[in-house]
> 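The following block contains the structure, expressed as structure tokens.
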Amino acid sequence: MGKAFQTICLLSLILTLAAVFTGCAKMENQTMAEGISPVIDQEGADPYVLKQGKWYYYTKTAGDRVILYRSEKLTNIAAGESCVLYAPVSELDSLWAPELFYLDDVWYVYFAAKTPGEPMHHMYVLSNGHEDPFAGSWECAPVAGMDDKFAIDGTVLELASGRYFIWSGWEGYENVRQDLYLAQMASPTEVMQEKILLSVPEYEWEKQGEPLVNEGPEIIIKDQTINLVYSASGSWTDDYCLGLLTADLHADVKLAKSWKKQDTPILRSGNGVFGPGHNSFTVSPDGSQTVIVYHAARWQGAGWSRSVRFGYADFDETGKLTSIEPDASEKLLMPPSGEAVREVCLADAFERSEGVELQEEPGTVSKQAAVGFADTQESVSVQINSKQQRHAVLHIYIKLMEFTDDNDLTGIQVEVNDAALTAPVYPADCFQPVSVPVELKKGKNNITIRSQAGGTMLAVDRIEIG
């Protein structure tokens, strides 16, 4: 390790929506969305979001590399500018749960990985001294000072008393249980060798699935309370959920007795959402709201087939997180405070080709969807007027009418004026946004959506412009 890797940047910058639309074809007046879906990325696991300056930085598990996204809008992160920070050739594989921090004027990404042929993951860290994480070069090394046992999901707690590393790991060398550990940090790349056991699965809601699991620790501090949110039970089950440990801001966090575990989860399956877990916290653009970003199964029993969602968190008078209900997929949430409301084109505004029918469909905004797309000639079209040329994001809410598992993945072709691009559509039991960055010209813009390969019935609910 220790080799510097030059970033490979993809030019897909998404700028803040600045102009006012004049509406969609077949609509007398412009229509503003009543709200947006809780789903903000149709496919993803272990989401981590950091707001730094004007940017929201977003990363998630990609498996064979570490990818960073950024957008000026939280809800556009799935279509943000992206940059591959690290792509190992042969030295590491199974890269999991990257998290981005800016510490002592240096960027760091902590992630878990294993060397090929080895059974256990360990913690690694990328570092980059450039002020822009999309520039400069990234150097990779193991997190120094840790023992040789299994370790994943590392995160950082910063206090006046020092900086601490928290992770999920094994007590021994066999996969029987994952616990939460804490160690003080000697530097952003090294921990002191003494580690403290913080949490083991003990309540029934933490002990569903074998091996037993406490993982995905995340920190949010409010007033005088340190909230440590963690994921419990098997991530492959619908019982996956979020638990909570708390400590006083001035307590000695190196003492296990300083931490108190809540005896009930703070976020669990409900409202048609299954297996919510592995979250991160960020703030709304104006700083007035605490936003939770988490993954959940795309259908009941989907296991590791997951999408990324957002919601709003709140605290009691002591600064302790209060319980959170997962929002149903069809529920419309207001965008984070300070983010502009989107314009929306509903299904009844679409020009439909032969073979695409407007029919009633549950889970839609207008109770109708355009259904068809059995071959590549079937399509829907809308016309969007823009007062100036600019970048925007089309959020196309779509679902497969029938599927068994992720092997039924399909795709769509999106034509914007003279340009065409393709995007995947992942199976889910709800309408999910396929988020596509586009260039809109001043005046009328023609948008056409068709199946990339045909053979699969699709339903389109709406198009939102963000």
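Here, residue 1 is the first one in the sequence, and each next residue gets the next number. In this text the structure is predicted, and so the values were computed from the model without any measurement.
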> Within a strict 4.5 Å, meaning less than it, do heavy atoms of the Trp167 and Asp153 side chains meet?
no
> Ile77 and Tyr69: which non-hydrogen atoms are nearest, and at how many Å?
O-CB, 3.9 Å
> Going by atom types alone, do Glu464 and Tyr397 pair a side-chain donor with an acceptor below 3.5 Å?
yes
> Just by distance, with hydrogens left out, do Arg450 and Ser353 show a side-chain donor and acceptor under 3.5 Å apart?
no
> With a 6.0 Å cut-off on the ring centroids, do Trp55 and Phe134 count as close?
no
> Quick one: do Lys441 and Asp418 make a salt bridge, cutoff under 4.0 Å?
no
> Which pair of non-hydrogen atoms, one from Asp327 and one from Gly311, has the smallest distance, and what is that distance?
OD2-CA, 4.4 Å
> Taking atom types as modelled, is there a side-chain donor on Asn446 or Gln383 under 3.5 Å from an acceptor on the other?
yes
> Going by atom types only, do Gln289 and Ser337 share a side-chain donor-acceptor pair under 3.5 Å?
no
> Quick one: does Thr61's side chain get under 4.5 Å of Pro98's, heavy atoms only?
yes
> Ignoring hydrogens, what is the shortest heavy-atom contact between Ser451 and Thr376? Give both atom names and the distance.
O-CG2, 3.4 Å
> Please name the residue in the list Lys60, Arg309, Arg298 that meets the salt bridge (charged side-chain N to carboxylate O under 4.0 Å, His left out) test with Asp41.
Lys60
> Using the ring centroid of each side chain, check whether Tyr110 and Phe165 are separated by less than 6.0 Å.
yes
> Name the one of Leu228, Leu242, Ile266 that satisfies side chain to side chain contact (heavy atoms under 4.5 Å, CB included) with Leu321?
Ile266
> Answer yes or no: is there a side-chain heavy-atom contact under 4.5 Å between Pro285 and Tyr56?
yes
> Should the pair Trp205 and Tyr203 be assigned to parallel (<30°), tilted (30 to 60°) or perpendicular (>60°) ring geometry?
parallel
> Just wondering, do Ser269 and Tyr240 contact through their side chains at under 4.5 Å, heavy atoms?
no
> Tell me yes or no: between the side chains of Glu325 and Asn271, is some donor less than 3.5 Å from an acceptor?
yes
> Gly272 and Asp429: which non-hydrogen atoms are nearest, and at how many Å?
O-OD2, 4.5 Å
> Can you tell me if Glu34 uses its side chain to pair, donor with acceptor, with the backbone of Val365 under 3.5 Å?
no
> Applying ring pair (Phe, Tyr, Trp, His ring centres under 6.0 Å), run through Tyr426 and Phe403 and close with a yes or a no.
CA-CA 10 Å; Tyr426 288 86; Phe403 65 89; over 10 Å; no
> Show the nearest heavy-atom pair for residues Asp461 and Ser366, with the distance to one decimal.
OD1-N, 4.4 Å
